[in-house]
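In what follows, a single structure is set out as structure tokens and then discussed.
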There are 2 protein chains.
Amino acid sequence: MIKTTFTNEQVVELAKLLKVIAEPKRLLLLEEIIRGVQCNCDLGESLGMAPNLISHHLGILRTAGLVTITRDPEDSRWVYYAINAQVMEDLRRTLDQFFSTQRAQPRRISCGPQSEDKVDKDLIPK
Amino acid sequence: MIKTTFTNEQVVELAKLLKVIAEPKRLLLLEEIIRGVQCNCDLGESLGMAPNLISHHLGILRTAGLVTITRDPEDSRWVYYAINAQVMEDLRRTLDQFFSTQRAQPRRISCGPQSEDKVDKDLIPK
DNA sequence: ATTATAGTTCAACAGCTATTGAATTATATT
DNA sequence: AATATAATTCAATAGCTGTTGAACTATAAT
């Protein structure tokens with residue numbers, strides 16, 4: 001069953017989530033985490049980012065629910081980030097539906113010279 | 001064949017394209033165009049946006065290659081926008097790969113108490 | 001106890017961009 | 001020729017946010 005339309009609220013909601021991942025550094029962080037690089041210091045090192053900036057971006061990813069945080073049981077100073085598979089999967093499916101070319105409808109003629117509105121208007125006498 | 005990694009350049013490129021669609025008004029415009037509402041005036045009317053703002057956002061969508069523009073053959077003052085199916089499909093597949101949970105790797109231990117670096121360091125005498 | 005380390009929070013700033021209103025272009029109508 | 005219409009371009013503004021450096025918190029090591 002293919003979803004054919006999105007409500008305005010759903011579109012706005014999707015845009016919000018897209019804004020979270022539409023930032024190059026954040027998307028790079030996600031890619032690294034997906035690859036298995038999940039401790040804060042390695043993320044900062046491999047991307048050349050200051051630790052506070054890492055915190056900032058990971059916080060946004062975390063608020064969006066895309067990643068989860070775990071503290072090391074031996075030494076709780078260390079934190080490890082991991083992707084939230086469920087949220088990722090939901091996002092994947094939503095995007096899959098939104099950008100499905102099957103959804104595309106032909107132009108609805110309601111404007112321009114061919115529109116009936118135009119013709120009707122012309123029939124109204126002045 | 002599932003793509004397992006993205007290069008930094010690919011990630012940055014993807015982020016740029018995501019930025020284009022991560023704007024609520026633009027995503028709403030895309031949704032409307034997909035539904036078949038494709039003339040400028042209708043788009044503005046159904047979304048409550050001024051014509052110049054419509055132009056602005058559609059210009060960005062057009063620069064990104066997501067939509068194409070056609071002028072009315074009878075009255076070239078009217079323009080109609082349509083989605084670029086090829087670009088949409090490419091984007092859909094890229095996102096499908098990026099957010100595929102199958103890509104996710106377990107944590108690579110290179111930091112923290114369990115890391116070998118740590119242990120090796122401890123073996124070095126002072 | 002003191003120092004070191006990992007990470008977060010805070011404050012300030014700069015750059016970008018969505019929005020608005022006015023001016024402009026180009027085509028069609030009268 | 002003059003006016004109207006559809007759309008774009010331009011200039012100015014305001015709000016948001018990524019970035020930076022400093023201060024702070026919490027835990028571990030000495």
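Naming: A, B, ... by sequence-line order, numbering from 1 per chain. These figures come from a predicted structure and were not determined experimentally.
One can place CD of Glu23(B) at 14 Å from C1' of dT17(D), the figure rounded to the nearest angstrom. Atom-to-atom, CG of Asp72(B) to P of dT5(D) comes out at 17 Å; the value is rounded to the nearest Å. With rounding to whole Å, Arg62(A) atom CZ is found 7 Å from dT8(C) atom P. With rounding to whole Å, Leu53(A) atom CG is found 14 Å from dG7(C) atom P. Spacing between atom OH of Tyr81(A) and atom P of dG7(C) amounts to 9 Å, rounded to whole angstrom units. Atom C1' of nucleotide dA7(D) and atom CD of Glu45(B) are separated by 16 Å, given to the nearest angstrom. Between Gln38(B) atom CD and dA6(D) atom P there is a gap of 18 Å when expressed in whole angstrom units. Atom CZ in Arg26(A) sits roughly 9 Å away from atom C1' in dT17(D) (whole-Å rounding).
Between Leu58(B) and Met49(A), the residue whose closest nucleotide on DNA chain D is further toward the 5' end is Leu58(B). Each of Lys19(A) and Ile54(A) was assigned the nucleotide of DNA chain C with the nearest heavy atom; the assignment lying further toward the 5' end belongs to Ile54(A). Between Asn52(B) and Ile60(B), the residue anchored closer to the 5' end of DNA chain C is Ile60(B), taking for each the nucleotide with the nearest heavy atom.
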Full working for side-chain hydrogen bond (donor to acceptor under 3.5 Å, both in side chains) between Tyr81(A) and Asn40(A): CA-CA 8 Å; Tyr81(A) 283 91; Asn40(A) 218 334; 4.9 Å; no
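A salt bridge links Arg92(B) to Asp96(A): one of the charged nitrogens lies within less than 4.0 Å of a carboxylate oxygen. A salt bridge links Arg103(B) with Glu31(A): the closest approach of a Lys/Arg side-chain nitrogen to an acidic carboxylate oxygen falls below 4.0 angstrom.
Side-chain proximity of Arg77(A) to the nucleotides dA28(C), dA7(D), dT27(D) is greatest for dT27(D). The Ser55(B) side chain lies nearest to dT8(D) when the options are dT8(C), dA6(D), dT8(D).
Note on Asn40(B): only backbone sugar-phosphate atoms sit closer than 4.0 angstrom, heavy atoms only; bases stay farther off.
With rounding to the nearest 0.5 Å, the separation of CG in Leu61(B) from NE2 in His56(B) is 10.0 Å.
A close approach under 4.0 Å does not occur between any side-chain nitrogen or oxygen of His56(B) and OP1 or OP2 of dT19(C). Checking the phosphate oxygens (OP1, OP2) of dT19(C), a side-chain nitrogen or oxygen of His57(B) falls inside 4.0 Å.
Between Asp75(A) and Pro113(B) the shortest heavy-atom distance is CB-CG, 3.5 Å.
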